[in-house]
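Worksheet for the structure shown next.
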Amino acid sequence: MRRDPLAYLGEELDSLKKQNLYRNLRILEGEQKAHTTFDHRSVVNLSSNNYLGLTTHPRLRKAALEATQAFGVGSGSVRTIAGTMSLHMELERRLAEFKKVEAVVVFQSGFTANAGTVSAILSKDDVVISDELNHASIIDGCRLSRATIKVFPHKDVGAARRIIDGLPAGQRKLLITDGVFSMDGDLGPLPALCELADNTGCIMMVDDAHASGVFGKNGRGTIDHFGMHSRVDIQVGTLSKAIGALGGYVAGNRNLIEFLYHRARPFLFSTSHPPAVAAACIAALDVLMEEPEVMERLWENTRFFKEGLARLGFDTGISESPITPVIAGDSAKANQLSDRLFEAGVFAQAIVYPTVARDRARVRTIVTATHTRDDLQYALDAFARVGRQIGLI
Ligand SMILES: Cc1ncc(COP(=O)(O)O)c(C=O)c1O
């Protein structure tokens with residue numbers, strides 16, 4: 001009988017189970033919204049990136065349905081062959097206007113936008129200077145580029161400067177940070193990093209995945225929040241989180257975007273968005289511009305929930321955004337907190353090593369604009385009960 005050449009994967013999985021690092025997928029049985037059903041249980045959902053509730057917004061739903069009726073369900077090709085539809089071009093034009101840049105290219109996801117861009121614009125003679133907590137898609141893009149990767153401690157602009165000072169003046173350098181860090185909810189030090197990039201001739205790139213629709217005027221992101229327009233050469237955003245659908249984009253000058261049309265591998269070698277997705281994203285931009293009260297509700301809810309957790313005595317780290325971690329310690333404790341909260345009707349996913357440091361395992365909460373005060377109070381009451389039961393507060 002043939003020996004299973006993948007048997008070692010089973011051993012790896014057993015090892016994950018022993019270390020409390022194995023997780024079952026929770027199954028969403030209803031819509032992605034603030035109060036919904038996972039694994040047959042009705043829960044307050046604190047685990048989605050659906051910041052503005054747009055996954056179920058009537059304007060997006062209508063746009064997606066109409067686009068499906070008018071254009072079908074798929075684009076049928078990669079962008080560079082037959083898969084560029086008028087809807088894709090309209091979405092790119094609208095995003096460029098929104099981000100106040102010359103041009104935008106849309107990718108299939110935020111992940112492919114980051115990985116595809118970094119790997120396209122750099123090669124082995126170049127250097128990337130990257131925050132240690134930057135997203136995995138940036139790390140993969142850096143690896144694919146074969147550039148030298150220099151990592152600086154989280155938000156330590158002085159350390160980034162020392163790295164750059166040690167590099168040859170003529171070498172091409174990319175300085176890169178997340179706008180909002182996805183596990184701690186803190187902001188990248190954009191003004192100081194932009195100044196560093198200006199003074200040292202670095203290309204400045206910001207991944208604003210968790211800031212799009214959340215920070216800045218009408219949700220233009222951290223670049224707008226910090227007044228850094230024209231100081232950031234490459235902005236990445238996602239259409240999969242606050243925008244409520246799927247995709248990623250790169251915003252910058254015309255040369256950058258045309259170059260990515262020719263060299264970014266996910267753009268060249270993977271099929272473009274279905275019409276429904278592109279149309280829903282366009283409708284989401286209309287909502288951002290015409291319904292600013294949605295973002296206001298997000299921030300009111302964020303303040304209410306953060307204050308509640310802090311009053312209860314939880315360690316919520318250094319968050320400045322609607323992402324609020326509740327630090328539990330090791331992975332066993334974080335899983336216990338998440339599981340007991342789930343039994344109590346609150347879904348807050350545990351985040352463990354290697355996504356975060358072994359001793360900083362946590363549950364991550366994300367408040368949305370569509371949570372009611374009752375939802376949030378219910379969640380705070382559950383956190384209080386469970387936190388006391390397991391000795392966290
Ligand atoms: C900081 C950051 N960048 C990029 C991404 C990838 O975005 P997408 O889900 O659209 O692929 C994520 C999503 O997890 C993220 O948190």
Side-chain angles (χ1 to χ4, degrees), residues 23 25 28 32 47-52 54-55 60 91 95 99 104-119 128 130-144 151 154-155 174 176-190 193 205-216 219 221-223 225 232 234-251 264-267 270-274 277-278 280-281 284-285 317-325 349-352 354-356 362 364-366 368:
R23 299 297 287 168
L25 299 177
L28 174 61
Q32 181 59 267
S47 290
S48 88
N49 299 311
N50 182 25
Y51 291 101
L52 302 174
L54 298 194
T55 55
L60 275 73
L91 176 58
L95 281 167
K99 286 283 183 171
V104 158
V105 51
V106 169
F107 285 79
Q108 299 83 354
S109 69
F111 196 106
T112 53
N114 271 327
T117 300
V118 176
S119 58
V128 191
S130 175
D131 188 291
E132 66 177 334
L133 296 187
N134 278 345
H135 191 255
S137 51
I138 294 177
I139 297 169
D140 284 8
C142 294
R143 289 177 181 158
L144 283 168
V151 174
H154 186 44
K155 303 208 316 191
L174 173 71
I176 185 163
T177 183
D178 281 3
V180 176
F181 288 89
S182 56
M183 294 303 144
D184 291 293
D186 54 335
L187 302 188
L190 262 53
L193 286 174
M205 176 164 170
V206 176
D207 169 13
D208 239 358
H210 282 276
S212 310
V214 176
F215 281 90
T222 56
I223 286 110
H225 171 79
V232 175
I234 307 175
Q235 302 181 41
V236 168
T238 177
L239 304 164
S240 328
K241 301 185 193 297
I243 303 302
L246 178 72
Y249 57 92
V250 178
R265 292 169 71 82
F267 185 86
S270 182
T271 295
S272 55
H273 277 144
V277 171
C281 293
L285 290 172
I318 51 172
S319 168
E320 301 164 77
S321 71
I323 299 173
T324 308
Q349 185 65 281
I351 311 276
V352 300
T355 309
V356 294
R362 64 200 56 192
R364 184 179 64 162
T365 67
I366 299 183
T368 72

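Start at 1 and go down the list; that is how both ligands and their atoms are numbered. Scope of the values below: all heavy atoms of this structure, side chains included, with no hydrogens, waters or symmetry mates.
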Where is the nearest protein heavy atom to atom 3 (N) of ligand 1: which residue, which atom, and how far?
D207 OD2, 2.6 Å

At what distance is the nearest protein heavy atom to atom 12 (C) of ligand 1, and which residue and atom is it?
H135 NE2, 3.3 Å

Could you say whether the N/O atoms of S240 and ligand 1 ever approach to under 3.5 Å?
yes

With a 4.5 Å limit on heavy-atom distance, are the side chains of V214 and V180 in contact?
no

Which residues share a side chain to side chain donor-acceptor pair (under 3.5 Å) with S48, sequence neighbours left out
none

Nearest-neighbour protein heavy atom for atom 9 (O) of ligand 1, which is reported as residue plus atom name and distance:
K241 NZ, 3.7 Å

Modelled atom types, side-chain donor and acceptor of D184 and H154, under 3.5 Å:
no

Numbering the atoms of ligand 1 from 1, which are under 4.0 Å from a heavy atom of G247?
10 (O)

If you define the side chain from C-beta out and look only at heavy atoms, does anything of C281 sit under 4.5 Å from Y249?
no

Is there a side-chain contact between H135 and F111, using heavy atoms and a 4.5 Å cut-off?
yes

Applying side chain to side chain donor-acceptor pair (under 3.5 Å), can you list everything that pairs with S130, at least two apart in sequence or on another chain?
N134

Is there a heavy atom of A136 sitting under 4.0 angstrom from any atom of ligand 1?
no

Could you identify the single nearest non-hydrogen protein atom to atom 16 (O) of ligand 1 and state the distance to 0.1 Å?
H210 NE2, 2.9 Å

Please write down residue, atom name and distance for the protein heavy atom closest to atom 8 (P) of ligand 1.
G110 N, 3.4 Å

With a 4.5 Å cut-off on side-chain heavy atoms, are T177 and L190 touching?
yes

Heteroatom proximity flag, D178 to ligand 1, N/O under 3.5 Å
no

Looking at side-chain heavy atoms only, is the closest gap between T238 and N49 below 4.5 Å?
no

Contact (N/O only, under 3.5 Å) between V180 and ligand 1
no

Who's the nearest protein heavy-atom neighbour of atom 6 (C) of ligand 1, and how far?
F111 N, 3.4 Å

Is it the case that the side chain of N50 and the backbone of L54 share a donor-acceptor pair, with hydrogens and angles ignored and the cut-off at 3.5 Å?
yes

Closer than 4.0 Å to some heavy atom of S182 - which atoms of ligand 1 meet that?
16 (O)

Which of the numbered atoms in ligand 1 are below 4.0 angstrom from a heavy atom of S109?
10 (O), 11 (O)

For the 3.5 Å polar cut-off, considering only N or O atoms, please tell me whether A209 and ligand 1 meet it.
no

